[in-house]
Amino acid sequence: IICTTMNTSFSSLATRTWKLISTQPKMSGIVFLYQFIPTLVFFALALCAIFCTAFVMPRMGIDFSNPNTLEALIVRFANPVSIVLGLVGWLIVILAFLLFQLTCSYLARLGLAHIAQKKKFNFSSLLREWRGMWSWAGTGLATSVYFITTFIVTAVLAVVCIYIYDMLVILPVILWGAIFVFLGISLAFTFPIYFFESKRYFAATEGSRKMVRGRWWKTLGNFVLLGLAIMLVSMIIFGLESGAQYTLSFLPDSLFDSMFITAIFAIGAFVSMILQSAINIIIQLFAILYTFELYRDYDKTPVTKK
């Protein structure tokens, strides 16, 4: 059914998406940078934590290799004031990082919308529009209302089914899965509508449902093929990574007795993690721009009502 109802060519959409990225390398780089900055910050914080644990704290007499040291720290800071201040501090750091990540994600998607519309922009011009992330986040919450409501209703049905007969619980699970897929496809164009039509919150979700109505299977087919393509790329990357790890397993253990060799492999592993994160971000941005292009196709060819 999916194949026979797909009139929009996946290869054509994918080619157009890649063309948009490749013909505007500077702006695509800005979008990638906005999306990649939180990852770099996270890695930098992780490196700082490792450095402090390995070098700074031992100079302060704190040795985490000694189990008694951890107990001593717990006893030392096990008072209400220290606990409250520690929890508040961690909460502030987590919320600040999430806000920073939310802002960068919004600016990256705004940049993709500009690329799809072939609008010129630069790093600072996108940054000036950071306040739009609040309505963008609100639209995301409006979208999640549908899924949360579905989960609550099916959870109640599951409890009732368990009370009647244990095996009946499979029916609400199947129902939840079907509704989840249906909503996922029906609301797929919520954010393209947000960016291209300036509709917010439930107006954007309603616009997506109307756009998909009458071509739900066609939309599902396009996203299934996109998912398969992403899965293929991910499998290739995973295969290369597994092959490299398998090759390293044949190296003699004595090789790692040298601090220099160990440092080289540690740096290589760190760089590999960054490259893998970068590739995942590129795949994610490609999928978002692909959705924008599919939306533009649908917007140009609305469903004719009989």
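- Considering only heavy atoms from C-beta on, Leu285 stays 4.5 Å or farther from Phe36 through its side chain.
- To the nearest 0.5 Å, atom CG of residue Leu107 and atom CD1 of residue Ile30 are 11.5 Å apart.
- Aromatic ring centroids of Tyr34 and Tyr106 lie 6.0 Å or more apart.
- Remark: Phe180 CZ is loosely packed, at most 12 non-hydrogen atoms of other residues, nucleotides or ligands lying under 6.0 Å away.
- For the atom pair CZ (Arg215) and CD1 (Ile185), the distance works out to 13.5 Å, reported to the nearest 0.5 Å.
- A pairwise comparison of heavy atoms in Ala204 and Ile193 identifies O-CD1, 3.9 Å as the closest pair.
- Taken to the nearest 0.5 Å, the OG1 atom of Thr103 stands 11.0 Å off from the CZ atom of Arg131.
- Residues Phe123 and Leu112 are members of one and the same hydrophobic cluster, defined by side-chain heavy-atom contacts under 4.5 angstrom among Ile, Leu, Val, Met, Phe, Trp and Tyr.
- Across all their heavy atoms, Ala287 and Ile230 have their closest contact at CB-CD1, 4.1 Å.
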Check against side chain to side chain contact (heavy atoms under 4.5 Å, CB included), Leu95 and Leu99: CA-CA 6 Å; Leu95 289 178; Leu99 183 62; over 6 Å; no
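- Atom CD1 of Ile281 sits about 4.0 Å away from atom OG1 of Thr39, to the nearest 0.5 Å.
- Proximity of a side-chain donor or acceptor of Arg296 to a complementary backbone N or O of Ala116 within less than 3.5 Å is detected.
- The CD1 atom of Ile115 sits 10.5 Å away from the CG atom of Leu110 when rounded to the nearest 0.5 Å.
- Looking at every heavy atom in both residues, Cys104 comes nearest to Gln35 through O-OE1, 4.3 Å.
- Looking only at distances, no side-chain donor or acceptor of Ser208 sits under 3.5 Å from a matching main-chain atom of Thr205.
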The test is side-chain hydrogen bond (donor to acceptor under 3.5 Å, both in side chains); show your working for Ser186 and Tyr146 and say whether it passes. CA-CA 11 Å; Ser186 298; Tyr146 294 90; over 6 Å; no
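- Side-chain contact between Leu175 and Leu171: absent, with no pair of heavy atoms (C-beta onward) separated by less than 4.5 Å.
- Hydrophobic clustering of Ile, Leu, Val, Met, Phe, Trp and Tyr side chains at less than 4.5 Å, counting indirect connections, keeps Phe43 apart from Val93.
- Atom CZ of Phe42 is surrounded by 12 or fewer heavy atoms from other residues, nucleotides or ligands within 6.0 Å.
- The hydrophobic clustering, which links ILVMFWY residues whose side-chain heavy atoms are closer than 4.5 Å, places Trp136 and Trp130 together.
- With Ser105 contributing its side chain and Leu102 its backbone, the two residues share no donor-acceptor pair below 3.5 Å.
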Donor-acceptor list for residues 154-161 side chains, cut-off 3.5 Å, not counting sequence neighbours:
unit_1, atom_1, unit_2, atom_2, d
Thr154, OG1, Thr150, O, 2.8
Thr154, OG1, Phe151, O, 3.0

Can you check side chain to side chain contact (heavy atoms under 4.5 Å, CB included) on Phe100 and Ile37, steps first, answer last? CA-CA 9 Å; Phe100 174 70; Ile37 285 175; 3.2 Å; yes
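- Checked by atom type and distance alone, the side chain of Arg200 pairs as donor or acceptor with a backbone atom of Tyr194 at under 3.5 Å.
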Could you list the donor-acceptor pairs under 3.5 angstrom formed between side-chain atoms of residues 20-28 and any protein atom two or more places apart in sequence or on another chain?
unit_1, atom_1, unit_2, atom_2, d
Ser22, OG, Trp18, O, 3.0
Ser22, OG, Lys19, O, 3.3
Thr23, OG1, Lys19, O, 2.6
Ser28, OG, Ile21, O, 3.0
Ser28, OG, Gln24, O, 2.8

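- None of Phe196, Phe191, Tyr290 except one satisfies the ring-ring contact (aromatic ring centres under 6.0 Å, His included) rule with Tyr295; the exception is Phe196.
- Considering CE of Met211 and OH of Tyr298, their distance stands at 9.5 Å, rounded to 0.5 Å.
- Surrounding CD1 of Ile170 are at most 12 heavy atoms belonging to other residues, nucleotides or ligands under 6.0 Å away.
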Decide yes or no on side chain to side chain contact (heavy atoms under 4.5 Å, CB included) for Phe223 and Thr291, but give the supporting numbers first. CA-CA 8 Å; Phe223 282 114; Thr291 305; 3.5 Å; yes
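- Within 6.0 Å of the CZ atom in Phe182, the count of heavy atoms belonging to other residues, nucleotides or ligands does not exceed 12.
- A salt bridge between Lys218 and Asp297 is absent, with no side-chain N of the basic residue lying under 4.0 Å from a carboxylate O of the acidic one.
- The only member of Leu294, Thr17, Leu13 that meets side-chain contact (heavy atoms from CB on, under 4.5 Å) when paired with Leu289 is Thr17.
- Linking Ile, Leu, Val, Met, Phe, Trp and Tyr residues whenever their side-chain heavy atoms come within less than 4.5 Å leaves Tyr201 and Leu187 in two separate clusters.
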